[in-house]
Amino acid sequence: MQKLKSWILITGAGKRIGFELAKHLASHGQNVLISYRTFYPQIEELTKLGIIAVMADFSTEQGIVNFAEQIHHHCPKLRAIIHNASDWQSESTENLTALSTLFDNMMQIHAKVPYLLNQALLPLLLKNDEIPSDIIHISDYIVQKGSDKHLAYTASKAAMESLTLSFAKKYAPHVKVNTIAPALIAFNEQDDETYRLQAQQKSLMAKCGGYPEMLAAVDYLLQSKYVTGSCLTVNGGRHLK
Ligand SMILES: NC(=O)C1=CN([C@@H]2O[C@H](COP(=O)(O)OP(=O)(O)OC[C@H]3O[C@@H](n4cnc5c(N)ncnc54)[C@H](OP(=O)(O)O)[C@@H]3O)[C@@H](O)[C@H]2O)C=CC1
Ligand SMILES: Nc1nc2c(c(=O)[nH]1)N=C([C@H](O)[C@@H](O)CO)CN2
């Protein structure tokens, strides 16, 4: 009887870190399924690699539930779920209604999405042939310091890191659950030279980490049969500066 394939799910992989992760894992023979919200031209590059790309907008509960149903339809079993989807929004207003919406949006994408998807997709993680399977929450080193510009974002990533601990306790030993907490990995197009220089100087290594650092961190957690409930900090020594 033909063995059913196992998949790695990466959320928010239409660009940047998620996109690079999807290409990396697929190029090493892993079946990959991604969620995307905006259809970028490079998503066609992923589908040519055999990656399944499913549109998902996680801003509503229905969007999350619909996506979970899509995953059950596409995947007989899951090797791993990598929660990468994220919105880096800052507090740019003093309007309470706008601040309330910002807070809800941050908690939705960084805490409610992993909270609901991990529970909805657990049956697929448990069907994986080799145990343990994996859940990886991609957080942000800034949780350790707090932020005076991204308060709701940082609080929601802290909630995500708490979910790592709870799901690690709840799902062991069949599923490992870990956090990767990066600092500066990739600049955004709008980042000017002054910002780039200042941002790099915040860490001991005085550089932008780059996508390979995240690929290596994910590879490490996936190959481990023992590490769970941990937070892998990828921050260039920023905590010591
Ligand atoms: N880049 C860096 O230096 C750092 C990154 N990180 C973390 O690493 C991860 C990847 O970072 P990066 O690649 O820069 O992230 P980006 O912000 O570039 O991309 C995040 C992706 O998530 C998707 N997304 C956002 N909101 C939603 C939603 N409501 N529903 C569905 N999809 C959504 C976006 O879709 P769309 O394209 O449609 O907007 C986007 O493709 C994130 O969790 C981030 O917080 C942490 C520290 C540093
Ligand atoms: N979803 C995102 N989260 C974060 C981003 C990003 O581009 N998208 N960028 C950062 C910064 O690189 C920060 O770590 C250094 O200024 C943080 N989170």
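Basis for what follows: all heavy atoms, side chains included, without hydrogens, waters or symmetry-related copies. The chain is numbered in sequence order, starting from 1. Both counts, for ligands and for their atoms, begin at 1 and track the order of listing.
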Any nitrogen or oxygen of [X], main chain or side chain, under 3.5 Å from a nitrogen or oxygen of ligand 1?
X: Gly18; value: no
X: Gly14; value: no
X: Leu184; value: no
X: Asn188; value: no
X: Pro182; value: no
X: Thr38; value: yes

Exercise. For His174 and Leu126, which heavy atoms make the closest approach, and how far apart are they?
Worked result: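 The pair with the smallest heavy-atom distance is CB-CD2, 3.5 Å.
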Would you mind running through ligand 1 and noting each atom that sits below 4.0 Å from a heavy atom of [X]?
X: Ser59; value: 29 (N)
X: Ala183; value: 3 (O), 4 (C), 47 (C), 48 (C)
X: Ile109; value: 27 (C), 28 (C), 29 (N)
X: Tyr153; value: 45 (O)
X: Ala186; value: 1 (N), 2 (C), 3 (O)
X: Ile138; value: 7 (C), 8 (O), 9 (C), 43 (O)
X: Ala85; value: 22 (O)
X: Gly12; value: 21 (C), 22 (O), 41 (O)

Any idea which protein heavy atom is nearest [atom], and the distance to it?
atom: atom 18 (N) of ligand 2; value: Tyr153 OH, 2.9 Å
atom: atom 17 (C) of ligand 2; value: Asp140 OD2, 3.2 Å
atom: atom 12 (O) of ligand 2; value: Leu184 CD1, 3.6 Å
atom: atom 1 (N) of ligand 2; value: Ser86 OG, 2.8 Å
atom: atom 20 (C) of ligand 1; value: Ser86 O, 3.4 Å
atom: atom 12 (P) of ligand 1; value: Arg16 NE, 3.9 Å
atom: atom 13 (O) of ligand 1; value: Ile17 N, 3.0 Å
atom: atom 11 (C) of ligand 2; value: Trp88 CH2, 3.6 Å
atom: atom 15 (C) of ligand 2; value: Tyr195 OH, 3.7 Å
atom: atom 31 (C) of ligand 1; value: Ala56 O, 3.3 Å

Ligand 2 versus [X], non-hydrogen atoms closer than 4.0 Å: side chain, backbone, both, neither?
X: Ala183; answer: backbone
X: Ile185; answer: neither
X: Asn188; answer: side chain
X: Tyr141; answer: neither
X: Ala199; answer: neither

What is the distance from atom [atom1] of [X] to atom [atom2] of [Y], rounded to the nearest 0.5 Å?
X: Ser35; Y: Leu117; atom1: OG; atom2: CG; value: 8.5 Å
X: Asn105; Y: Ile109; atom1: CG; atom2: CD1; value: 9.5 Å
X: Ile138; Y: Met214; atom1: CD1; atom2: CE; value: 4.0 Å
X: Leu25; Y: Ile82; atom1: CG; atom2: CD1; value: 5.5 Å
X: Trp88; Y: Ser147; atom1: CH2; atom2: OG; value: 8.5 Å
X: Gln42; Y: Lys48; atom1: CD; atom2: NZ; value: 12.0 Å

Exercise. Can a non-hydrogen atom of Lys157 be found less than 4.0 Å from any atom of ligand 1?
Worked result: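 A heavy atom of Lys157 does come that close to ligand 1.
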Exercise. Below 4.0 Å from any atom of ligand 1, is there a heavy atom belonging to Ser139?
Worked result: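 Yes, that is the case, since the closest heavy atom of the residue is under 4.0 Å from the ligand.
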Side-chain ion pair, [X] and [Y], N-O less than 4.0 Å:
X: Asp129; Y: Lys77; value: yes
X: Lys112; Y: Glu61; value: no
X: Asp134; Y: Lys176; value: yes

Exercise. Any donor and acceptor pair, going by atom type alone, linking the side chain of Arg37 with main-chain N or O of Met55 inside 3.5 Å?
Worked result: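 Pair absent, no side-chain N/O of Arg37 close to backbone of Met55.
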Exercise. Without hydrogens or angle criteria, can the side chains of Thr11 and His83 be said to hold a donor-acceptor pair below 3.5 Å?
Worked result: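 No, His83 and Thr11 have no side-chain donor paired with an acceptor closer than 3.5 Å.
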For this session: Counting heavy atoms only, name the option from Arg37, Met214, Met106 that's nearest to atom 39 (O) of ligand 1.
Result: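 It is Arg37 that holds the nearest heavy atom.
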Exercise. N/O to N/O below 3.5 Å, does that happen between Arg16 and ligand 2?
Worked result: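 By distance alone, the answer is yes.
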For this session: Go through the steps for Leu222 and Ile8 under the test side chain to side chain contact (heavy atoms under 4.5 Å, CB included), then give the verdict.
Result: CA-CA 10 Å; Leu222 292 179; Ile8 290 183; 3.9 Å; yes
Exercise. So which bit of Tyr36 gets within less than 4.0 Å of ligand 1, heavy atoms only: side chain, backbone, both or neither?
Worked result: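 It is neither; nothing of Tyr36 touches ligand 1.
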